[in-house]
Amino acid sequence: MKRMAWVLLGMALVFAASEVRVIRVEGGRLSGDLRYGPWVFEGEVRGRVKDLTILAPKATLIAPKGKTMQEAEGEREARFEGGVVVRRGRVEARGPALVYRESTGEGVLLGPARLRQEPKPGEDPVEVEAARMTFQVDTDTSTSENALLKSGHQEGRAGLVYYEEERGLAVFTDPKEVVLVRKRKDGDLRIRAKEVRSLTGPKRLVATGGVVLEDGDLVTRGESLYYDDTTGEAIVLGRPAVSENAKEGFRLSGGTLLHNVNRHQVRVYGRAFRLPLEEFKRLGER
């Protein structure tokens, strides 16, 4: 009996999710088979699904073969083309075409795609350029492939960038190397790692998987680091962490190093330190 209750609950949740993911397309001239589709909309077309709005000159709504357009709600596919604008909250993205599937709740914006998020007071706008972007309608998240994310004087490049819009959490991953750059007059600061998680509002980040911090001729290496752009301080952990300036013959090692990128100075960090990973968890991550 208890097992049956869980099955029914699961079915109800799936049904509720599919209902939320149903897209409504309106505007323009409608043509096609009104019962089985596809429906073709041409003109000023607007698609709406939850809090996501899609604008385009043309859209095609398709049902699986053998099902009417009404029966297929939750299983249909919508294709927008001719130059697409996607809007949600403070975010606006543009690309040549978008494919939305009700079954997954994902809208894939084909590239070259560009995204801009207007800032909250006191923060910088966030801009992303990518080969393509996938928007989730169940959450306020997007994933960009072969992407460059910019915010203020910092930018990051990676094979995959996951972004939580309202929270401003960006997770950069790459099978080879993630590269973050802080633009500055006396030479750019670079952080290289396998994964970087950045809070774009307060401009704090953690980098893991083996890290390199390049501060001009001063280079610090370790296993992971925590960086706060407001103080210009990076705490680098290693076994040991090593900092070198070959030009000046400087070398320092220790379990934890404090690297001040504004002063171009490094010293041994004398206190115990753990990465604040809880602050950088993705939505639903344990």
Side-chain angles (χ1 to χ4, degrees), residues 3-89 91-115 128 130-147 159-163 165 282-284:
R3 183 179 177 183
M4 179 61 73
W6 280 110
V7 170
L8 291 173
L9 176 61
M11 290 174 65
L13 290 173
V14 169
F15 179 74
S18 65
E19 282 291 295
V20 168
R21 295 169 180 169
V22 170
I23 192 166
R24 305 299 176 196
V25 183
E26 56 191 29
R29 299 177 302 278
L30 173 62
S31 60
D33 186 320
L34 294 181
R35 183 169 171 78
Y36 289 97
W39 292 349
V40 179
F41 301 80
E42 293 179 280
E44 295 183 3
V45 180
R46 183 185 300 268
R48 296 180 186 273
V49 53
K50 205 175 177 183
D51 57 355
L52 198 73
T53 300
I54 306 160
L55 307 174
K58 182 179 179 180
T60 305
L61 191 59
I62 304 165
K65 193 172 181 180
K67 288 193 175 184
T68 68
M69 294 294 284
Q70 187 173 3
E71 289 171 343
E73 284 193 355
E75 305 173 61
R76 301 173 302 181
E77 178 179 289
R79 299 176 184 174
F80 297 83
E81 55 189 309
V84 177
V85 178
V86 179
R87 290 176 182 156
R88 176 165 60 189
V91 167
E92 180 174 290
R94 295 176 180 266
L98 181 142
V99 177
Y100 175 74
R101 294 181 176 86
E102 292 178 334
S103 60
T104 62
E106 292 183 346
V108 180
L109 182 63
L110 304 180
R114 291 175 176 268
L115 176 151
V128 182
R132 69 175 188 174
M133 299 174 179
T134 300
F135 293 88
Q136 295 279 352
V137 300
D138 295 341
T139 60
D140 70 334
T141 63
S142 63
T143 304
S144 300
E145 299 176 25
N146 297 323
L160 205 66
V161 177
Y162 163 90
Y163 186 62
E165 294 162 12
R282 293 166 49 144
L283 191 65

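Heads up: numbering here begins at 1 and tracks the sequence.
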Is any side-chain N of the basic residue among Glu73 and Arg24 closer than 4.0 Å to the acidic one's carboxylate O? yes
Whether Asp138 and Arg21 form a salt bridge (side-chain N of Lys/Arg under 4.0 Å from carboxylate O of Asp/Glu) is what I want to check. yes
Is any side-chain heavy atom of Glu75 closer than 4.5 Å to a side-chain heavy atom of Ser103? no
Beyond-backbone contact of Ile23 with Ile54, side-chain heavy atoms, under 4.5 angstrom: yes
Rounded to the nearest 0.5 Å, what's the gap from CD on Glu92 to CZ on Arg87? Could you check? 4.5 Å
Of all heavy-atom pairs between Asp33 and Trp39, which one has the smallest distance, and what is that distance? O-NE1, 3.0 Å
How long is the straight-line distance from OG1 of Thr139 back to CZ of Arg282, given to the nearest 0.5 Å? 10.0 Å
Please report the closest heavy-atom contact between Val45 and Ala59, naming both atoms and the distance. CG1-CB, 3.6 Å
Would you say the side chain of Arg76 lies within less than 4.5 Å of the side chain of Val22, judging by non-hydrogen atoms? yes
If you define the side chain from C-beta out and look only at heavy atoms, does anything of Gln136 sit under 4.5 Å from Glu106? yes
My understanding is that only one of Leu61, Thr60, Val99 makes a side chain to side chain contact (heavy atoms under 4.5 Å, CB included) with Glu77; could you say which? Val99
Report yes or no: is the cationic atom of Arg88 (NZ for Lys, CZ for Arg) under 6.0 Å from the centre of the six-membered ring of Phe135, at an angle within 45° of the ring normal? no
dist Thr141:OG1 -> Tyr162:OH (nearest 0.5 Å) comes out at 5.0 Å
Spatial distance of atom OG (Ser31) from atom CZ (Phe41) [nearest 0.5 Å]: 9.0 Å
Glu44 bridged to Arg46 by N-O distance under 4.0 Å: no
Would you name the heavy atoms of Pro96 and Pro112 that are closest together and state the gap between them? CD-O, 3.7 Å
Can you measure from CZ (Arg94) to CZ (Arg114) and round to the nearest 0.5 angstrom? 11.5 Å
Which heavy atom of Pro57 sits nearest to which heavy atom of Gly82, and what is that distance? CG-O, 3.4 Å
Side chains of Val86 and Leu98: closer than 4.5 Å at any heavy-atom pair? yes
Any heavy-atom pair between the side chains of Tyr100 and Leu52 that's under 4.5 Å? no
Phe80 to Ala78 - nearest heavy-atom pair and separation: CE1-CB, 3.7 Å
Spacing of Leu34 atom CG and Gln70 atom CD [to the nearest 0.5 Å]: 12.5 Å
Could you please spell out the steps behind the side chain to side chain contact (heavy atoms under 4.5 Å, CB included) verdict for Glu26 and Arg48? CA-CA 9 Å; Glu26 56 191 29; Arg48 296 180 186 273; 3.8 Å; yes
Please report the closest heavy-atom contact between Ser144 and Val128, naming both atoms and the distance. OG-CG1, 3.8 Å
